[in-house]
Amino acid sequence: MKTIVILGTGVAAAAVIRQTMKSSVLPRRDTRMIVVSPSTHFLWPIAMPRAIVPGQFTDDKFLFPLPPTFAGYPADQFEFVLGTASALDPDAWTVQVALENDGGVRAVAYDVLVVATGTASRDDMPWKPLATTESTVAELRRVQAQIAAAETIVVAGGGTTGVEAAGELGYEYARSGRKKVYLVHDGALPLSASALPSVRKQTRVELEKLKVRMVPNSKVTKVTRSGDDTVLELTAADGSKSSLVTQAYVPALGVVPNTAFVPDHMLDKGGYVKQTTTLQAQGHAAVFVIGDAGSLEANKAAVADAQARHLIAALPVYLEGKTLPEYTPADKEVFAVTLGRGRGTGQMGRWKLLSFLVWFLKGRFLGTDYAEHVAAGKRTLTTKFE
């Protein structure tokens, strides 16, 4: 019997798990699946910039239990292991799993391994899942409590997550004068340099309309707790330093890949698993990599979506011993940024997206109207399955 092992249960993995289990192409009587994850719940990351604002979402809008979904699969062909991958031996075709329940270690052998372990947020913020579902919820509650009690809130980081968080906080608090909200970012304009200048300028304009106080060309270089306050040392691009006192510090300073278990020779300099254009790990044909853990494309939900859809079709081809189809990485910059609960911006290639379109497609619900189906593997961001 062949064993497919999938590491991860997030956006990249969810549809692959279900569609592989439901596939009529697979030789089902000769194949089983083992899914490994330290989390008992699927976290919907797109909702988290709004979820940190107290009272906006109940947990069931962005956290979905995995056991009810997995209970629908045949017990002799499916197993869920609650644990964290701790060591991969691609030559022996095994992965070591540190088990959550009893603290032991289990060696899991595979014929096919899918690495979909994603990334973790720097500073242990709940933008992404933490070590366990319980720790993710506990950190979210801490952030919400700080925001509720704060007079001043500082968001650090000018990427999509930081901008969206600042927009949500500005919409809820700053525009009415209830709280001061700052956005500290290291560029002259928010968002990365790959975004159109018009999109970056529009982002700044919309945040300023929400009374978010922009602190450009600056980084938070030191964080010091002082009673109920947090003192942030800011270093400007010219080297000058200043300080900002806040009661709620919300860092959104990027991510690190969850690949500590992968041998160094399989990783690039950033710690991402080196992928081929068939989404296999370089030099290891039995190891597939999808989503944020891979080196081929940037960390985006749309990338995880596209790679998952490709693997759903490619995995049966691999199991049948046929030539794998090539995956084509995106060649256009495509993203949408919500700016509060009424506005947004973004781009598709060289075209700037209309604010109304971003609000209609994303900003109204942040995907919470269909996230449950993504969690169950019944759809991706863009594709519904039967």
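Values reported hereafter were calculated over all heavy atoms of this structure, with side chains retained and with hydrogens, waters and symmetry mates removed. Along the sequence shown, residues are numbered consecutively beginning with 1.
- Electrostatic pairing of Glu206 and Lys201 does not count as a salt bridge here, judged by no charged N lying under 4.0 Å from a carboxylate O.
- Note: the hydrophobic cluster containing Val212 also contains Val143 (ILVMFWY, side chain heavy atoms under 4.5 Å, direct or indirect links).
- Atom OG1 of residue Thr69 and atom CE of residue Met21 lie 12.5 Å apart, to the nearest 0.5 angstrom.
- Side-chain atoms of Thr136 come within 3.5 Å of backbone atoms of Leu130 as a donor-acceptor pair (strictly under, hydrogens ignored).
- Across all their heavy atoms, Trp127 and Pro49 have their closest contact at CZ3-CA, 3.7 Å.
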task = Take Trp44 and Val11 through the side chain to side chain contact (heavy atoms under 4.5 Å, CB included) test and state the conclusion after the steps.
result = CA-CA 8 Å; Trp44 181 239; Val11 172; 4.3 Å; yes

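- In this structure, Val374 and Ala14 approach most closely via the heavy-atom pair O-CB, 3.2 Å.
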request  = For side chain to side chain contact (heavy atoms under 4.5 Å, CB included), just list the numbers for Val81 and Ile34, CA-CA rounded to whole Å, side-chain angles, deciding distance to a tenth of an Å, and then say yes or no.
outcome  = CA-CA 7 Å; Val81 178; Ile34 299 175; 3.7 Å; yes

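- Across all their heavy atoms, Ile52 and Ala165 have their closest contact at CD1-CB, 4.2 Å.
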request  = Determine, stepwise, if the pair Val245 / Val154 fulfils side chain to side chain contact (heavy atoms under 4.5 Å, CB included).
outcome  = CA-CA 9 Å; Val245 178; Val154 176; over 6 Å; no

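- Cluster membership for Val289 and Trp93, using ILVMFWY side-chain heavy atoms within less than 4.5 angstrom, is shared.
- Contact record, Ser218 with Val184: O-CG1, 3.6 Å, taken as the closest heavy-atom pair.
- For residues 108-136, the salt bridge (Lys or Arg N to Asp or Glu O under 4.0 Å) pairs, not counting sequence neighbours, are Lys128-Asp292.
- Ion pair Glu172/Arg178 flagged as a salt bridge, since at least one NZ, NE, NH1 or NH2 atom sits closer than 4.0 Å to an Asp/Glu carboxylate oxygen.
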request  = Start with the C-alpha distance between Asp229 and Thr246, add both sets of side-chain angles, then the distance that settles side chain to side chain contact (heavy atoms under 4.5 Å, CB included), and finish with yes or no.
outcome  = CA-CA 6 Å; Asp229 293 336; Thr246 181; over 6 Å; no

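- Put simply, Val5 and Phe70 are part of two different groups of oily side chains (I, L, V, M, F, W, Y) that touch within less than 4.5 Å, one to the next.
- Taking a cutoff of 4.0 Å between a charged side-chain nitrogen and a carboxylate oxygen, Arg175 and Glu168 do not qualify as a salt bridge.
- The shortest side-chain heavy-atom distance between Arg142 and Gln146 falls under the 4.5 Å cut-off.
- A salt bridge is absent between Lys378 and Glu372; no separation between the charged side-chain nitrogens and carboxylate oxygens falls under 4.0 Å.
- Counting only N and O atoms by type, the side chains of Asp305 and Thr382 include a donor and acceptor under 3.5 Å apart.
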key: Evaluation steps, side chain to side chain donor-acceptor pair (under 3.5 Å), between Ser86 and Gln96   = CA-CA 5 Å; Ser86 57; Gln96 300 290 325; 5.7 Å; no

key: salt bridge (charged side-chain N to carboxylate O under 4.0 Å, His left out) between Lys219 and Glu233, worked out   = CA-CA 8 Å; Lys219 294 182 179 180; Glu233 177 188 84; over 6 Å; no

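- Annotation: cation-pi geometry satisfied between Arg379 and Tyr370 (NZ/CZ under 6.0 angstrom from ring centroid, within 45° of ring axis).
- Side-chain contact between Leu232 and Ser243 is absent, with no heavy atoms from C-beta onward closer than 4.5 Å.
- Just one residue in the list Glu297, His310, Gln275 forms a side-chain hydrogen bond (donor to acceptor under 3.5 Å, both in side chains) with Tyr327, and that residue is Glu297.
- Side-chain atoms of Lys241 and Thr235 include a donor-acceptor pair closer than 3.5 Å.
- Val250 is listed as a side-chain neighbour of Met125, based on a closest heavy-atom distance under 4.5 Å.
- Asn299 and Tyr272 form a side-chain donor-acceptor contact under 3.5 Å, judged by distance and modelled atom types alone.
- For the pair His41/Leu66, no side-chain contact is recorded, criterion being any heavy-atom separation below 4.5 Å from C-beta on.
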Check against side chain to side chain donor-acceptor pair (under 3.5 Å), Thr132 and Ser135 = CA-CA 5 Å; Thr132 64; Ser135 59; 3.1 Å; yes

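- Tyr318 has its ring centre less than 6.0 Å from the ring centre of Phe288.
- Here the closest heavy-atom approach between residue Pro67 and residue Thr40 is recorded as CD-O, 3.5 Å.
- By the rule that hydrophobic residues join a cluster once side-chain heavy atoms approach within less than 4.5 Å of another member, Phe385 and Val35 end up as members of one cluster.
- Using modelled atom types, one side-chain atom of Gln19 and one backbone atom of Gly377 make a donor-acceptor pair closer than 3.5 Å.
- Looking at heavy atoms from C-beta onward, Arg341 lies in side-chain contact with Arg50 at the 4.5 angstrom threshold.
- For the pairing with Glu326, the side chain to side chain contact (heavy atoms under 4.5 Å, CB included) check across Leu279, Thr276, Thr278 returns one residue only, Thr278.
- Residues Ile147 and Leu169 are in side-chain contact: their nearest non-hydrogen atoms beyond the backbone lie under 4.5 Å apart.
- Considering only heavy atoms from C-beta on, Asp30 stays 4.5 Å or farther from Lys2 through its side chain.
- In this structure, the side chains of Thr94 and Val108 stay at 4.5 Å or more apart for every pair of heavy atoms.
- Residues forming a side-chain hydrogen bond (donor to acceptor under 3.5 Å, both in side chains) with Glu151 (at least two apart in sequence, or on another chain): none.
- For Arg343 and Trp359, the positive end is not near the middle of the six-membered ring at less than 6.0 Å and at most 45° from its axis.
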